[in-house]
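One structure is given below, encoded as structure tokens.
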Amino acid sequence: MNKLTAAITGVQGYVPEDILSNEDLAKIVDTTDEWITTRTGIKERRILRNGASSDMAVKAVEGLLKKTNTDAMDIDLVVLATVTPDYPFPSTANVLCDKVGMKNAWGFDLIAACSGFIYALSTAAQFIETGKYKKVIVVGVDKMTSILDYQDRTTCVIFGDGAGAVLLEPNTEGLGVQDFILKSDGSGREFLVQPAGGSANPPSIQTVEQRLHYVKQEGKQVFKFAVTNMAEVSAEIMEKNNLTSDDVDWLVPHQANLRIIDATASRMGLPKEKVMINIEKYGNTTAGTLPLCLWDYEKQLKKGDNLVLSAFGGGFTWGAVYLKWAYNS
Ligand code: UT7
């Protein structure tokens, strides 16, 4: 029997209907459309007014099951990446399985901030490659607005809400996940962190008064690490797999900042036409960015295309996945 690989056989995204534009934000904090557009590339983002992360994940997964003609009862495992779970526990994966009726699946959440989807995809792929499971769903979802401080113009303009999900199935044609490089450096936690709500700083009147339940980011520091490491790891996975820039059909980059995306594409020697970009309409949806890109560009993808997925985020966490697309839409 040929070697088993884990192939993406379907992708579905979900973004809430409500749009928060740069102009809307300029009415709330001291900012301008010009500043946000030139510094980040973002024009608008989606906002989930009511509901939790699991509700967005439900929409993405229900759509995924429908379009791939898959019975919810046939799903073996759900790996869900998020930093905005419904609850500290139980996991959002458990909530999702219940809401969608994936009664035969087990699942767990994985925290790797903006690298969540590539961490989750690489983890989930192992269960397919060993032959243990036949149908695994990987979800990247974040309701970033639940942890954004709308008094902090340096963070509230960047993030948005959204979810994406892919179905992973065994492949014997050599398609799907080929390789991954994942990295982390916990000393970066001081630059990008939600300080309170965990065991280090349990919720108290003081933590609320000090606004410690919101995302805190030292943007300049994070930018410095992101721009270097995302570009480096993307080049590294190309070299490791003997891929030239001609061999790579698509870069699927985390959507944090257009300048970071441009630097990564440039380091890989890729023209803009090969780079998936949707930051202008969704902003940074943390674990949601990569599956939302795949969803937006699905129709342009062809069986056998070489994709490099690449991300950098809180932790610090970063990495890249090399995969061969497995189907024509
Ligand atoms: O996805 C997870 C990983 N995160 C990232 O990759 C984010 C990485 N960082 C970034 O993308 C950028 O650092 C930001 C977009 C967050 C900020 O852009 P920047 O070019 O690094 O700006 P800055 O923080 O150096 O601030 C420049 C100026 C400051 O004013 P002064 O001190 O020069 O007078 C800020 O106060 O821009 C000011 N500023 C703003 N002005 C208008 C900061 N935020 C805003 C704002 N509107 N929203």
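Computation of the quantities below employed the complete heavy-atom set of this structure, encompassing side-chain atoms and omitting hydrogens, waters and symmetry-equivalent molecules. Whatever order the structure lists them in is the order used to number ligands and atoms, beginning at 1. Quantities reported herein were computed from a predicted structural model and do not represent experimental measurements.
Asp296 places no side-chain N or O within donor-acceptor distance of the main-chain N or O of Cys293, the cut-off being under 3.5 Å. Glu218 contributes no side-chain N or O that, together with a main-chain N or O of Phe191, makes up a donor-acceptor pair within less than 3.5 Å. The backbone N or O of Asp86 lies less than 3.5 Å from a partner atom in the side chain of Thr92, making a donor-acceptor pair. Between the side chain of Arg153 and the backbone N or O of Asp30, at least one donor-acceptor pair lies under 3.5 Å.
A side-chain donor from one of Lys99 and Ser54 sits under 3.5 Å from a side-chain acceptor of the other. There is a side-chain donor-acceptor pair under 3.5 Å between Thr207 and His213.
Below 3.5 Å of separation, one finds no N or O of Thr40 facing any N or O of ligand 1. Considering backbone and side-chain N/O of Val157, none are found under 3.5 Å from N/O of ligand 1.
Looking at Leu301, Leu251, Val321 one by one, the single match for side chain to side chain contact (heavy atoms under 4.5 Å, CB included) with Leu307 turns out to be Leu301.
With a 4.0 Å cut-off on non-hydrogen atoms, Trp35 touches ligand 1 through its side chain and not its backbone. Residue contacts with ligand 1 for Ile36 are absent, since no atom lies close enough (heavy atoms, distance under 4.0 Å). With a 4.0 Å heavy-atom cut-off, ligand 1 is reached by the side chain of Asn284 but not by its N, CA, C or O.
There is a protein heavy atom less than 4.0 angstrom from atom 9 (N) of ligand 1. Protein heavy atoms all stay at least 4.0 Å away from atom 33 (O) of ligand 1. In this structure, atom 42 (C) of ligand 1 has a protein heavy-atom contact shorter than 4.0 Å.
Of all atoms in ligand 1, numbered sequentially from 1 with element shown, those under 4.0 Å from a heavy atom of Asp30 are 42 (C), 47 (N).
Taking each of Arg153, Arg259, Gln221 in turn, the one with a heavy atom nearest to atom 38 (C) of ligand 1 proves to be Arg153. Closest heavy-atom approach to atom 21 (O) of ligand 1 within the set Glu34, Gln217, Lys220: this belongs to Lys220.
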